[in-house]
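Everything on this sheet refers to the single structure shown next.
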Number of protein chains: 2
Amino acid sequence: MGAATRERIIEAGSILFRRQGYAGTGMKAIAAAAQAPFGSIYHFFPGGKDELTGEVIRAAGRVYGALVPRFFDGAPDTAVATRCAFRGAAETLRDCNYADACPIAAVALEVASTNEPLRLATAEVFAHWVGGLTARYEGAGLAPAVAHRLAVSFVSMLEGAFVLARASKNAQVVEDAGEIMFEAVRAALDKAAE
Amino acid sequence: MGAATRERIIEAGSILFRRQGYAGTGMKAIAAAAQAPFGSIYHFFPGGKDELTGEVIRAAGRVYGALVPRFFDGAPDTAVATRCAFRGAAETLRDCNYADACPIAAVALEVASTNEPLRLATAEVFAHWVGGLTARYEGAGLAPAVAHRLAVSFVSMLEGAFVLARASKNAQVVEDAGEIMFEAVRAALDKAAE
DNA sequence: GATTAGCTAGAACGTTCTATCAAATGCTGA
DNA sequence: TCAGCATTTGATAGAACGTTCTAGCTAATC
């Protein structure tokens, strides 16, 4: 009962934040999207919108963090995995008609200067994501500094490509960005193999 | 008189949108930041918040568009110009304690699915920016498709790096991303020179 | 059966939002 | 100096916001 309602609220928040941002999404809209009674929001999240948003960020972070193993585990190498991740993201974006990208970036830009606990929550998710990617690139033989730089760039490039793709309603942006990241990883791997 | 007030309002909107986003910024806050009487907002922008936001986006687009000649005109080559642009951006971000990045991305993520005229305005600015960069990379001898891909990636990478840098309050992200873009442009130039 | 805890349900509250409006003030040109 | 236009001024209205509150229902436990 309750657990299902709570999860539905988090998921609805995630969807709406990514489509219309944090401040542009009201609690009543989240309740409606979750098909939950309005009072249940504060029952499950007594800390209010901030607490719900923190949970949304952490939950989204787990989903995005799981994308690394999904693309990197079976790939011939990390350059190909990188490209596949971007292609997968482009496909997902097309499938939802550019409505859904990443709720974390949307929230991050709004709260970075105004809500310290939420800024920290977004920073933590990004750091975790970068950490997972860095490990993969290191595991492929790249020096820690190079691996870290590529990981940071992967996340930056993908989040930025989402912005452009959503603005222009064109997923080719994400694929183009993926090609550049593919070549960057490819070049780093080749250089490390010398 | 009036022209100065109008410009102050646009500038205040730009600053506040980049710090707290579109929906999180109220018109009274803009008026206060602009030191303008509240009613003047609707006098100058009878279309309301949407009209003001459109003007903010276009004005910011002009500022950002001017960054391309600023970094590319005097640089030894486009790879170095690319790196310098990212370093300049990192510096700017540090100077304002991570408060001010780009108002266009902040607005774009909020309006992409909910406000078509503003989505188009953001798309237009990004397209113009990408166009300017593409011309620079083409002018350096790169094939049109490669130039376009690098330009798209430049803008994506920079906007994404802003997200991460603001979330983590660490401008090193922007510099790392700039190194990857530098190497990508370098490699493309070297390949085109063969 | 009585009690308790969890969840649902939605009204009410105070605040903030966007937009409108009428009046006042200032500036310019005839 | 005066009229007309531009700009300023700030109160007001209605809607939406996040939060709180009360009441009711259900299931589990004693």
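Proteins come first, then strands; the chains are lettered A, B, ... in the order of their sequence lines, and each starts at number 1.
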- Message: Distance check needed: C:dT20 P versus B:K49 NZ, whole Å only.
- Response: 15 Å
- Query: A:S14 and A:R18: side-chain donor and acceptor closer than 3.5 Å?
  - Reply: yes
- Query: Looking at A:T5, does any N or O in its side chain come under 4.0 Å of the phosphate oxygens OP1/OP2 on C:dT8?
  - Reply: yes
- Query: Are B:R19 and B:T25 close enough that a side-chain donor and a side-chain acceptor fall under 3.5 Å?
  - Reply: no
- So which nucleotide from C:dA19, D:dT8, C:dT8 ends up closest to the side chain of B:F38? C:dA19
- Item | Toward the 5' end of DNA chain D, by each residue's nearest nucleotide, A:G39 or A:K28 | A:K28
- Taking only the side-chain heavy atoms of A:M27 (C-beta and beyond), determine which of D:dG18, D:dT8, D:dT12 contains the nearest atom. D:dG18
- Separation of atom CZ in B:R8 from atom P in D:dT7, rounded to whole Å: 12 Å
- Query: Whole-Å distance between D:dG18 P and A:N115 CG?
  - Reply: 13 Å
- Message: Within a 6.0 Å radius of atom CD on B:Q35, are there more than 12 heavy atoms belonging to other residues, nucleotides or ligands?
- Response: no
- Message: D:dT8, OP1 or OP2 - any side-chain N/O from B:S40 closer than 4.0 Å?
- Response: yes
- Rounded to whole Å, CD1 of A:I30 lies from P of D:dT19 at a distance of 10 Å
- Message: What is the distance, to the nearest angstrom, from the CD1 atom on B:I9 to the C1' atom on D:dT8?
- Response: 11 Å
- Rounded to the nearest angstrom, tell me the gap between atom OH in A:Y22 and atom P in D:dG18. 8 Å
- Query: Taking atom P of D:dC17 as reference, at what distance in whole Å does atom CG of A:D50 sit?
  - Reply: 17 Å
- Query: Rounding to a whole Å, what distance do you find between B:Y42:OH and C:dA19:C1'?
  - Reply: 5 Å
- Message: Classify the ring geometry of B:F126 against B:W129: parallel below 30°, tilted from 30° to 60°, perpendicular beyond 60°.
- Response: parallel
